[in-house]
Amino acid sequence: MKNLEKYLDIKDEVKEALEAGKPVIALESTIIAHGMPYPRNIETALEIEDILRENGVMPATIGIIDGRIKVGLTKEEVEFLGQSDEVAKVSRRDFPIVLGEKQHGATTVAGTMIAAELAGIKIFVTGGIGGVHRGAETSFDVSADLEELKRTSVAVISAGAKSILDIGLTLEKLETFGVPVLSYQTDEIPAFYSRHSGFKSDYKLDTPEQAAAILKSKWEIGLEGGVLITNPVPKADEIEYSLIEEKIEQALVEAEKEGISGKEMTPFLLDRIKEITDGQSLETNISLVRNNAIVGAKIANAFAK
Ligand code: PSU
Ligand code: MN
């Protein structure tokens with residue numbers, strides 16, 4: 001039996017927006033605690049919330065404080081998760097431990113989808129999702145984000161999968177899992193730092209209204225599971241695929257040498273790529289999250305109509 005009240009707090013303004021049928025967007029906290037360095041992580045998280053509000057959407061940044069799932073973190077809680085080093089990275093399998101042991105946690109894409117669904121939020125904006133890692137045929141490193149997209153009915157807006165992942169294999173998994181992949185105003189899957197990956201999308205979206213209609217038709221006929229909406233980084237902030245590719249290779253070699261595995265892998269690679277690019281990858285990362293917030297707000301507004 002469910003006993004949600006024991007574990008879940010929905011911030012008042014988020015609850016009110018949901019009850020009134022106003023647009024609400026979920027935001028993750030792993031990107032804050034483990035995906036970007038302090039203080040840019042906190043500045044970015046708060047800026048994204050502002051962008052959503054300016055575009056008529058209620059933001060709900062999701063994380064775990066003292067074993068309680070917070071749907072709608074306060075500014076102070078965002079600042080705490082962005083600075084403390086006692087924050088677990090929480091995907092599906094970590095919830096019971098972090099809640100049961102009353103720990104603090106930052107939710108991944110998978111973790112944020114779970115909490116969003118508990119709260120009744122259907123749209124979630126982030127930077128990049130996890131996927132099938134390069135070399136997964138021997139490491140078996142496939143992000144739990146993909147399993148979550150298979151089972152949890154939340155739409156995730158991201159800038160595609162960065163090439164620390166095997167984009168082709170990630171798309172194959174999503175196809176097997178029945179997850180529609182829609183690309184905003186392009187027919188190509190973007191590769192996070194770059195606008196191009198060479199991989200074709202399932203479907204090109206020209207308007208936010210199309211996205212809203214597609215989401216509704218999936219869920220209204222009872223097809224459970226998520227939808228991935230990709231949105232390319234703005235051209236001015238893109239790092240060309242050929243340029244970032246070799247830096248990513250270098251970071252992967254270092255990860256191998258240092259024996260990095262499991263949940264440490266993605267944060268390690270993000271941090272190394274930032275060092276190797278003299279911080280440029282971080283600027284690109286922030287730019288694409290902003291852009292996803294703008295497009296996500298349009299889709300959430302259309303979805304709420
Ligand atoms: N990709 C990014 N930045 C991130 C992540 C992915 O560009 O911060 C985070 C997200 O929270 C994602 C998680 O859900 O990493 C995936 O981790 P893993 O590969 O361990 O499943
Ligand atoms: Mn992994």
Side-chain angles (χ1 to χ4, degrees), residues 26-38 40-42 44-45 48 61-64 81-82 87-95 105-116 124-150 152 154 156-167 169-170 173-174 190-194 197 226 228 230-233 237 239 244 247-248 251-252 255 260-274 277 280-292:
L27 298 164
E28 63 154 305
S29 45
T30 289
I31 192 175
I32 306 173
H34 308 288
M36 286 184 190
Y38 175 83
R40 298 298 297 284
N41 56 350
I42 294 170
T44 304
I48 297 303
T61 305
I62 292 174
I64 300 171
L81 292 181
V87 179
K89 178 177 161 188
V90 180
S91 188
R92 172 171 282 269
R93 73 159 182 190
D94 310 288
F95 269 97
T107 48
T108 63
V109 167
T112 305
M113 289 177 78
I114 291 171
F124 164 22
V125 162
T126 187
I129 62 159
V132 180
H133 279 257
R134 293 195 198 177
E137 62 275 22
T138 52
S139 70
F140 278 46
D141 191 350
V142 178
S143 175
D145 291 354
L146 299 183
E147 290 282 348
E148 211 57 52
L149 280 161
K150 172 181 174 179
T152 301
V154 171
V156 182
I157 295 147
S158 88
K162 72 177 66 52
S163 54
I164 59 175
L165 303 176
D166 187 317
I167 298 176
L169 293 187
T170 300
K173 268 270 177 208
L174 288 168
F192 197 77
Y193 299 119
S194 349
S197 70
L228 181 64
T230 69
N231 181 40
V233 63
D237 298 309
I239 311 178
I244 194 78
K247 323 260 183 208
I248 288 171
L252 284 165
I260 307 289
S261 67
K263 68 205 295 188
E264 265 76 61
M265 183 60 92
T266 298
F268 176 88
L269 292 172
L270 288 172
D271 185 55
R272 284 305 300 147
I273 294 166
K274 185 195 130 235
T277 62
Q280 204 198 335
S281 68
L282 177 61
E283 299 313 315
T284 301
N285 197 345
I286 292 171
S287 165
L288 64 86
V289 181
R290 275 190 200 118
N291 195 41
N292 292 345

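Just follow the structure's listing: the first ligand is 1, and inside any ligand the first atom is 1.
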S.K.: Specify the protein heavy atom at minimum distance from atom 9 (C) of ligand 1: its residue, its atom name, and the distance to 0.1 Å.
M.R.: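 The closest heavy atom on the protein side is Thr30 CG2, 3.9 Å.
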S.K.: Indicate yes or no: does an N/O atom of Lys263 lie under 3.5 Å from an N/O atom of ligand 1?
M.R.: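 Checking ligand 1 against Lys263, no N or O pair falls under 3.5 Å apart.
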S.K.: Determine, considering heavy atoms only, which of Thr266, Val289, Val156, Val142 sits nearest to atom 19 (O) of ligand 1.
M.R.: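 The option holding the nearest heavy atom is Thr266.
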S.K.: Which pair of non-hydrogen atoms, one from Glu148 and one from Thr152, has the smallest distance, and what is that distance?
M.R.: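 The pair with the smallest heavy-atom distance is OE2-OG1, 2.5 Å.
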S.K.: Got an N/O contact under 3.5 Å between Asn285 and ligand 1?
M.R.: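 N/O-N/O distance below 3.5 Å does not exist for this pair.
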S.K.: Identify the heavy atoms of Ala26 and Ile62 that sit nearest to each other, and give their distance.
M.R.: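 Closest pair (atom of Ala26, atom of Ile62, distance): CB-CD1, 3.9 Å.
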S.K.: Can Met36 be said to touch ligand 1, with heavy atoms closer than 4.0 Å?
M.R.: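 It does not, in that no heavy atom of Met36 comes within the 4.0 Å cut-off of ligand 1.
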S.K.: Quick one: which ligand 1 atoms are inside 4.0 Å of a heavy atom on Asp145?
M.R.: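 So the answer, numbered in order with elements, is 12 (C), 14 (O), 16 (C).
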S.K.: Do any heavy atoms of His133 fall under 4.0 Å from ligand 1?
M.R.: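 In this structure, His133 qualifies as a contact of ligand 1 - some heavy atom is under 4.0 Å.
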S.K.: Compare Gly35, Ala33, Gly128 and give the one whose heavy atom is closest to atom 5 (C) of ligand 1.
M.R.: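 That would be Gly128.
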S.K.: List the atom of Ile129, the atom of Leu146, and the distance in Å for their closest heavy-atom pair.
M.R.: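 Taking every non-hydrogen atom into account, CD1-CD2, 4.2 Å.
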S.K.: Please list, in number order, the atoms of ligand 1 under 4.0 Å from a heavy atom of Lys162.
M.R.: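 Those qualifying, in numeric order: 1 (N), 2 (C), 7 (O).
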S.K.: Among all protein heavy atoms in this structure, tell me which lies nearest to atom 3 (N) of ligand 1, with the distance rounded to 0.1 Å.
M.R.: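 For atom 3 (N) of ligand 1, the nearest protein heavy atom is Leu270 CD1, 3.4 Å.
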S.K.: Would you mind reporting whether Asp166 and His133 have side-chain heavy atoms less than 4.5 Å apart?
M.R.: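 Sidechains of Asp166 and His133: no contact.
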S.K.: As a check for students: among Met265, Glu148, His34, Lys89, identify the option with a heavy atom nearest to atom 20 (O) of ligand 1.
M.R.: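 Checking each option, the heavy atom nearest atom 20 (O) of ligand 1 is found in Lys89.
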S.K.: State whether the shortest distance between N or O atoms of Phe192 and N or O atoms of ligand 1 falls below 3.5 angstrom.
M.R.: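 Between Phe192 and ligand 1 (N or O atoms, distance only) the closest approach is not under 3.5 Å.
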S.K.: Write out the residue and atom name of the closest protein heavy atom to atom 21 (O) of ligand 1, then the distance separating them to 0.1 Å.
M.R.: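 Checked against all protein heavy atoms, atom 21 (O) of ligand 1 sits closest to Ser143 OG, 2.7 Å.
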S.K.: Of the options Thr61, Thr44, Val87, which is the one that meets Ile32 in a side-chain contact (heavy atoms from CB on, under 4.5 Å)?
M.R.: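 So, applying the side-chain contact (heavy atoms from CB on, under 4.5 Å) to Ile32 and each of Thr61, Thr44, Val87, only Thr61 qualifies.
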S.K.: Could you report the tightest heavy-atom contact between Val132 and Lys173, atom names first, then the distance?
M.R.: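 That would be CG2-CG, 3.8 Å.
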S.K.: Has ligand 1 got any nitrogen or oxygen that is less than 3.5 angstrom from a nitrogen or oxygen of Glu28?
M.R.: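 Indeed, backbone or side chain, Glu28 has an N or O that close.
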S.K.: Considering non-hydrogen atoms only, spot the tightest contact between Ser197 and Pro190 and give its length.
M.R.: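 So the minimum-distance heavy-atom pair works out to CB-C, 4.4 Å.
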S.K.: Looking at every heavy atom in both Gly128 and Ser158, which two are closest together, and how far apart are they?
M.R.: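 Where Gly128 meets Ser158 most closely, the heavy atoms are CA-CB, 4.2 Å.
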S.K.: For the Mn ion (ligand 2), which N, O or S atom of Asp141 is at the shortest distance?
M.R.: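 Considering only N, O and S atoms, Asp141 comes nearest to the Mn ion (ligand 2) through OD1.
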S.K.: Using modelled atom types only, decide if a donor and an acceptor are shared between the side chain of Thr30 and the backbone of Thr108 within a distance under 3.5 Å.
M.R.: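 Side chain of Thr30 to backbone of Thr108, a donor-acceptor pair under 3.5 Å: yes, one is there.
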S.K.: Report yes if some heavy atom in the side chain of Leu282 is under 4.5 Å from a heavy atom in the side chain of Thr277; otherwise report no.
M.R.: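 Not in contact.
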S.K.: Please determine if Thr108 has a nitrogen or oxygen closer than 3.5 Å to a nitrogen or oxygen of ligand 1.
M.R.: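 Min N/O separation from ligand 1 is not below 3.5 Å for Thr108.
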